Every structure is written in structure tokens, then in C-alpha cells.
Amino acid sequence: RGTMSVANNADGTVSHNLGYIPFYLVYCALGGGTFRIANAFDPVGGGWRSFTGTADLIVQNRFGTAGTVSTYYVFYDNLV
């Protein structure tokens with residue numbers, strides 16, 4: 001787990017190198033104490049997306065605000 005700042009129209013990368021696709025959560029700050037869960041599909045068009053593979057977690061900021069903070073949790077148990 002940790003936090004990162006992702007500039008507008010940029011990607012943030014977290015290496016986990018687990019060798020499998022883990023369960024994860026990403027929360028992104030929208031301002032004013034409001035957070036949104038960022039996942040691979042954003043039905044309300046909030047601009048934050050995230051996805052993972054066997055080595056990296058990618059967080060994309062298309063929200064329109066540079067330097068917004070996101071908090072991530074990667075669960076290291078193989079949930080197969």
C-alpha cells in the first residue's frame with residue numbers, strides 16, 4: 001500500500017512483481033475530502049482508471065487536475 005501523485009493525463013506505475021494478477025483497490029482524491037474508487041471501468045466518467053497485470057499496477061489520471069493524490073492497496077494473497 002502507499003500513495004502517489006499522478007499528473008493530469010499521465011500514468012502512475014507501482015511494481016508488485018507477484019507473478020499473478022492480484023486484487024487491488026485505488027482511491028483517488030477529487031478535492032474537498034472527496035475520494036473515488038478508480039477501477040478499469042468508470043461509468044460516471046470521473047477520469048480515473050486503474051488496471052493491473054502480473055508485474056505492475058497502473059493508475060491513470062484523466063480527471064483534469066494535476067498532482068492529484070491516489071492511495072493504493074495491493075493484496076498479496078493469491079486469491080485463486
Side-chain angles (χ1 to χ4, degrees):
R1 70 179 166 179
T3 61
M4 74 172 100
S5 180
V6 182
N8 186 38
N9 289 317
D11 296 348
T13 302
V14 177
S15 295
H16 59 73
N17 297 315
L18 292 174
Y20 59 89
I21 298 172
F23 175 72
Y24 69 94
L25 294 172
V26 176
Y27 296 90
C28 302
L30 301 180
T34 304
F35 291 84
R36 174 171 288 161
I37 294 177
N39 56 20
F41 178 71
D42 186 3
V44 295
W48 284 98
R49 289 188 173 77
S50 63
F51 52 93
T52 190
T54 59
D56 296 321
L57 168 64
I58 308 295
V59 180
Q60 297 178 328
N61 179 4
R62 306 300 185 260
F63 183 64
T65 303
T68 305
V69 175
S70 61
T71 302
Y72 60 88
Y73 301 91
V74 176
F75 297 87
Y76 292 100
D77 292 331
N78 194 345
L79 301 174
V80 176

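Because only heavy atoms are used, hydrogens play no part in the values below, and waters and symmetry mates are left out as well, while side chains stay in. Source: prediction; values computed, not measured.
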Nearest atoms (heavy-atom pairs only) where W48 meets S70: CZ3-CB, 4.4 Å
For the student: nearest non-hydrogen atoms of Y72 and T3, plus distance: CE2-N, 3.8 Å
Option from V14, V59, T71 for which side-chain contact (heavy atoms from CB on, under 4.5 Å) with V26 holds: V59
Considering all heavy atoms, the nearest C28-A38 contact: SG-CB, 3.6 Å
Residue pair Y24 / V74: nearest heavy atoms and the distance that separates them: CB-CA, 4.2 Å
Reported OG1-to-OH distance for the pair T54 and Y20, which is rounded to 0.5 angstrom: 11.0 Å
Salt bridge (charged side-chain N to carboxylate O under 4.0 Å, His left out) partners of residues 2-22, not counting sequence neighbours, each pair once: D11-R62
Ring geometry between F23 and F75 (parallel below 30°, tilted from 30 to 60°, perpendicular above 60°): tilted
Spacing of Q60 atom CD and T13 atom OG1 [to the nearest 0.5 Å]: 9.5 Å
CZ-CG distance between F51 and D56, expressed to the nearest 0.5 angstrom: 9.5 Å
Nearest-0.5 Å distance, OG of residue S15 to CD1 of residue I58: 8.0 Å
H16 side-chain N/O to I21 backbone N/O, donor-acceptor pair under 3.5 Å: no
Shortest non-hydrogen contact between G12 and V6, atoms and distance: N-CG1, 3.9 Å
